[in-house]
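For reference, the structure is listed below as structure tokens.
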Amino acid sequence: MDLHTNKIDENIEIKLLLNFSINKDLPHNVHSILNGQYKDVINNELSTFIEAIRNGDNLEEIIHNSLSKTHEHLSWLCAGVVSLLYFVQCNWTGPCIDDDIDWLKTRRDEALKQLSLHDGCNINVRKPELLYLSKKIFSNADLQLKCRSCIWWLFRASLLHQHVLDEDSGVLFEEIENLTMEINKLSILEDSLCKLLFNLEAARFYLYYRRTQNSEKHLEYAESIAGLKLSLEGAMGKRTKYQQEEKAQLYLKVETSKDIFPSIDCEDTPKSLNLNDELRLERIEFSEHKEETKLGMVEEAIILTKYIQLQVCQPRHKLTDEEIRPYLTKVVENTKNWSLKMTSLCYRCLLESDDKRTVERSMMQAESLLKDYNDAKVSVARRMDLFFASGMRPIWTLEEKWANIMVSLGLVKGALEVFIKLELWEDAIACYNILNLKHKAAEIIKQEISKKPTVKLWCLLGDATGDVNHYETAWKLSEEKSSRVQKHWGFYYFAKKDYAQAVPHLKLSVELNNIQELVWFRLGYAALQVEDWKLAAMAYRHYCALEQYNFEAWNNLAKAYIRLGDKPRAWKSLQDAIKCNYDRWEVWDNLMVVSIDLGHFSEVIRCYHRILDLKNSHSDVQVLQILTNAIINNINDADGNPTFRLLQNTLELFGRITSNVVNNPDIWRMYAELVILRKTDVDEEKAAQYLQQAYRFITSNPKWCRSEDTALKVLELCCNLAQAYLRCTTDITVVKKRKMLGSAKLSLQGVVKKIKEQEWNNTSIIDQLAKVEEYLTIIRNELEQIKPA
């Protein structure tokens with residue numbers, strides 16, 4: 001350390017951040033941290049303050065007073081780092097140490113209260129006082145000035161803080177995002193490996209909160225620093241044991257333009273279990289030689305992050321899983337890093353848990369990974385390599401997944417034991433319900449409350465018994481600050497479809513914590529039901545900012561905008577809905593209707609075609625009539641372009657519609673009106689044919705003449721039909737002209753006769769009938785002139 005400035009050597013900071021050094025000439029405490037001797041370092045570095053900490057003195061004051069008097073900045077930095085890494089060992093990487101640090105354990109209750117942020121830490125978190133101490137140390141302003149990497153360590157500690165909370169925290173999200181901006185300014189990032197590592201960790205942070213655009217930016221930067229180019233390609237191969245014919249299979253092609261970053265291999269990484277399936281091969285057998293690029297663990301961390309980024313930013317679908325699997329396979333099969341191997345195998349468990357051919361391996365792999373966590377043969381230091389960039393989740397999340405897979409395989413009692421051990425009472429209640437032991441759920445929660453009442457337990461008792469008084473108790477216990485209580489309370493009314501009661505509770509919940517996706521979604525739906533369109537739009541807008549790939553949310557957001565009279569925003573929302581689900585004709589129909597209102601006529605045609613792709617036939621006369629009128633009158637569309645340019649596209653659409661919907665007279669009439677606009681002899685004849693089709697279908701019901709509306713429609717159609725026949729019989733052979741005019745005469749005569757039989761008094765009908773009779777007279781005269789001698 002520079003004695004003149006009290007600043008810590010930046011190289012030491014870098015080595016601690018990377019958890020890696022080939023230099024043996026290091027301060028003893030730093031060397032011990034890099035060797036994983038965490039408990040010894042904590043006891044040594046804080047030996048002077050043990051009594052003060054044990055006695056409950058203010059931690060911030062202890063740190064501040066020490067730094068102002070002794071300038072032991074490196075000592076405090078090491079204390080913070082080792083405290084955080086020991087916390088990681090106990091909750092993420094293992095092997096867990098049962099023994100507590102006695103003098104620090106006295107601060108456990110204080111730590112839990114401060115870390116809970118009113119909603120509670122996960123009950124399974126071990127030694128939270130270590131995280132609490134590290135955050136207090138890294139938050140010290142004086143230490144941050146003398147040791148710039150302190151902000152990065154605070155970023156890491158705060159993200160781990162989020163991992164141990166039961167609910168996502170908007171407060172923590174803002175804090176961590178602000179820290180990323182501060183870290184970006186650090187001179188330490190001039191080191192290329194540090195810069196790459198920070199961008200990877202920032203990408204992981206944004207992925208946790210599903211902010212895909214932000215994560216993509218940091219991930220692309222990391223790829224660029226590493227000189228990595230990742231692309232999916234196809235090669236011939238087989239994936240089943242009895243496959244005769246080879247087919248193109250996806251694999252990940254990795255190209256690198258730079259030397260790989262140095263790293264230390266771990267000799268005993270977790271084992272990948274074999275599939276042992278009677279049909280599927282263990283891995284795809286490629287017949288073509290694929291050149292493999294040698295990768296280091298940093299490059300593999302980028303690939304694994306890319307896998308998650310692609311998974312989060314696309315709707316969940318089996319096809320999507322197949323497309324991104326090669327990224328995961330690359331890491332699973334090649335990495336020699338303990339954290340990356342553990343994390344990639346966890347991801348594979350999740351991926352395979354929904355497939356009947358792989359679910360058993362998924363369960364056994366999860367069980368195997370839990371043993372690896374507890375197996376002491378791998379050193380603590382090697383487990384910690386690249387931990388913060390790996391995306392590893394706390395060990396209890398793997399245990400929870402293991403239990404969920406057991407439930408899916410019908411091993412409910414085994415799963416129930418795990419859920420009870422983890423105190424996952426919601427899942428335990430579900431197991432009791434499967435086992436027809438519903439009464440046991442309430443009993444076990446009451447039993448836990450008698451030991452130590454918590455906000456979460458009172459909420460769960462409310463869920464299990466349906467007694468809202470328990471939510472009231474939980475609310476008071478949280479000092480009226482828990483978003484969880486209001487969420488459970490709101491969900492209780494939501495499940496009963498009492499949306500008016502649900503809305504205020506759900507609204508208060510998101511006011512207390514604004515990054516609760518499901519609460520925003522249900523608030524939006526409840527607001528729609530009570531016709532609070534403004535609240536519905538606001539709720540769905542927030543939800544869509546958090547979860548961009550739910551078509552139902554975008555669709556409902558559009559519905560709220562339409563009710564508010566804001567059709568342009570509705571149109572944009574429906575465009576997003578389509579990106580999420582390309583195969584729901586109802587969403588296309590909604591977009592088509594809003595597009596026609598706003599004058600996006602080319603979009604109307606696209607939507608109609610897509611609806612026909614999805615359901616073969618579709619008749620929306622109102623939309624087609626507006627489109628037809630727009631083209632006939634050549635009005636400008638939403639972008640100011642003349643609509644007449646869409647004539648050919650619209651005729652193609654009508655051709656497709658009439659090939660499936662043959663009996664709709666309005667569609668045939670519009671088709672005729674459009675085709676005549678091309679003004680060729682062939683088109684005039686087509687128009688007459690289409691109008692004849694319209695006439696045939698509208699008069700196919702013998703009672704047509706008894707309805708005023710239908711009678712008027714038929715009379716108007718007869719006028720159009722007469723005009724069309726007269727137009728297309730000017731320059732044709734006599735024989736053909738006689739045939740066509742004869743057909744027109746019969747059609748008009750039949751209509752005139754039927755109308756007169758009804759003895760209508762309606763002025764419109766009488767006027768229209770007179771016009772038809774005029775055309776009938778003209779046609780008769782034409783026929784008289786060409787009558788054969």
Side-chain angles (χ1 to χ4, degrees), residues 10-11 13-20 84 88 138 148-160 162-163 172-231 252 254-263 295-313 324 327-328 330-331 335 337 339-340 343-344 347 384-393:
E10 204 166 82
N11 288 323
E13 293 188 59
I14 291 173
K15 288 172 175 59
L16 285 171
L17 285 166
L18 301 179
N19 194 55
F20 169 71
L84 186 64
V88 170
F138 298 138
R148 299 299 289 149
S149 66
C150 215
I151 301 168
W152 192 341
W153 282 106
L154 183 58
F155 164 86
R156 288 174 166 183
S158 297
L159 189 50
L160 296 189
Q162 174 62 84
H163 279 286
L172 272 179
F173 173 79
E174 287 180 22
E175 280 181 15
I176 302 170
E177 189 168 48
N178 289 334
L179 287 168
T180 62
M181 295 172 195
E182 290 298 312
I183 297 166
N184 246 325
K185 301 172 189 172
L186 297 182
S187 61
I188 210 166
L189 294 192
E190 289 170 13
D191 180 282
S192 59
L193 183 50
C194 280
K195 194 168 190 67
L196 189 154
L197 197 59
F198 165 66
N199 279 285
L200 261 184
E201 291 181 28
R204 281 287 182 182
F205 152 63
Y206 281 116
L207 282 173
Y208 179 89
Y209 289 100
R210 302 180 71 83
R211 303 295 205 274
T212 52
Q213 289 180 324
N214 304 68
S215 70
E216 194 171 4
K217 180 181 68 177
H218 285 286
L219 188 54
E220 283 175 1
Y221 210 169
E223 286 177 55
S224 155
I225 297 166
L228 271 189
K229 185 183 176 187
L230 308 173
S231 58
L252 180 67
V254 182
E255 297 172 88
T256 179
S257 59
K258 296 181 183 176
D259 293 338
I260 61 171
F261 287 98
S263 55
L295 299 172
M297 65 172 71
V298 178
E299 291 77 13
E300 289 165 343
I302 293 172
I303 294 170
L304 191 59
T305 308
K306 183 73 175 177
Y307 166 77
I308 288 299
Q309 204 267 335
L310 290 169
Q311 189 181 64
V312 170
C313 77
I324 65 175
Y327 290 88
L328 183 59
K330 175 69 75 175
V331 181
T335 191
N337 175 270
S339 288
L340 293 178
T343 308
S344 59
Y347 289 155
M384 209 61 68
D385 290 334
L386 275 190
F387 163 78
F388 293 101
S390 70
M392 191 187 292
R393 293 295 177 95

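From Glu223, atom CD reaches atom CD of Glu216 across 9.0 Å, with rounding to the nearest 0.5 Å. Atom-to-atom distance recorded for Glu299:CD and Leu230:CG is 10.5 Å, nearest 0.5 angstrom. Going from atom CD of Gln309 over to atom CD of Gln213 covers 10.0 Å, rounded to the nearest 0.5 Å. The distance from the CG atom of Leu207 to the CG atom of Asn214 is 10.0 Å, given to the nearest 0.5 Å. A distance of 9.0 Å separates CG in Leu189 from CD1 in Ile14, rounded to the nearest 0.5 Å. Taken to the nearest 0.5 Å, the CG atom of Leu17 stands 5.0 Å off from the CZ atom of Arg156.
Looking at heavy atoms from C-beta onward, Leu252 lies in side-chain contact with Val254 at the 4.5 angstrom threshold. Asn11 is listed as a side-chain neighbour of Lys15, based on a closest heavy-atom distance under 4.5 Å. Between Trp153 and Phe388 the shortest side-chain heavy-atom distance falls below 4.5 Å. Between Leu295 and Leu228 the shortest side-chain heavy-atom distance falls below 4.5 Å. Looking only at side-chain heavy atoms (C-beta outward), Lys195 and Tyr221 come within less than 4.5 Å of each other. Residues Tyr347 and Gln311 form no side-chain contact, since every pair of their non-hydrogen atoms from C-beta on lies 4.5 Å or further apart. In this structure, the side chains of Ser158 and Phe138 stay at 4.5 Å or more apart for every pair of heavy atoms.
Across Leu18 and Cys194, no two heavy atoms sit closer than the pair CD2-SG, 4.5 Å. For Ser390 against Thr343, the heavy-atom pair with the smallest separation is O-CG2, 3.3 Å. Scanning both residues, Glu13 and Arg148, for their nearest heavy atoms gives OE1-N, 3.5 Å. Pairing each heavy atom of Phe261 with each of Ser192, the nearest pair is CE2-OG, 3.7 Å. Considering every non-hydrogen atom in both Ala301 and Leu386, the closest pair reads CB-CD1, 4.1 Å. The heavy-atom pair separating Thr212 from Cys313 by the smallest distance is CG2-CB, 3.7 Å.
Checking side-chain atoms of Asp385 against main-chain N and O of Asn337 turns up no donor-acceptor pair under 3.5 Å. When atom types are taken as modelled, the side chain of Ser224 and the backbone of Glu220 share no donor-acceptor pair closer than 3.5 angstrom. Judged by distance alone, with hydrogens and angles left aside, the side-chain atoms of Thr335 form no donor-acceptor pair with the main-chain N or O of Val331 at under 3.5 Å.
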* From CA spacing to verdict: side chain to side chain donor-acceptor pair (under 3.5 Å), Trp152, Glu201 -> CA-CA 10 Å; Trp152 192 341; Glu201 291 181 28; 2.9 Å; yes
* Asked: Does the pair Arg204 and Leu304 meet the rule for a side-chain contact (heavy atoms from CB on, under 4.5 Å), with working shown?
  -> CA-CA 10 Å; Arg204 281 287 182 182; Leu304 191 59; 3.8 Å; yes
* To do: Go through the steps for Leu219 and Asn199 under the test side-chain contact (heavy atoms from CB on, under 4.5 Å), then give the verdict.
  => CA-CA 6 Å; Leu219 188 54; Asn199 279 285; over 6 Å; no
* To do: Decide yes or no on side-chain contact (heavy atoms from CB on, under 4.5 Å) for Tyr209 and Gln162, but give the supporting numbers first.
  => CA-CA 10 Å; Tyr209 289 100; Gln162 174 62 84; 2.6 Å; yes
* side-chain contact (heavy atoms from CB on, under 4.5 Å) between Arg393 and His163, intermediate numbers included -> CA-CA 7 Å; Arg393 293 295 177 95; His163 279 286; 3.4 Å; yes
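Crowding of Lys258 atom NZ: a count of heavy atoms from other residues, nucleotides or ligands under 6.0 Å exceeding 12.
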Under 3.5 Å donor-acceptor pairs involving side-chain atoms of residues 174-188, not counting sequence neighbours:
unit_1	atom_1	unit_2	atom_2	d
Glu177	OE2	Tyr206	OH	2.9
Asn178	ND2	Glu174	O	3.2
Thr180	OG1	Glu177	O	2.5
Glu182	OE2	Lys185	NZ	3.4
Ser187	OG	Glu10	OE2	3.0

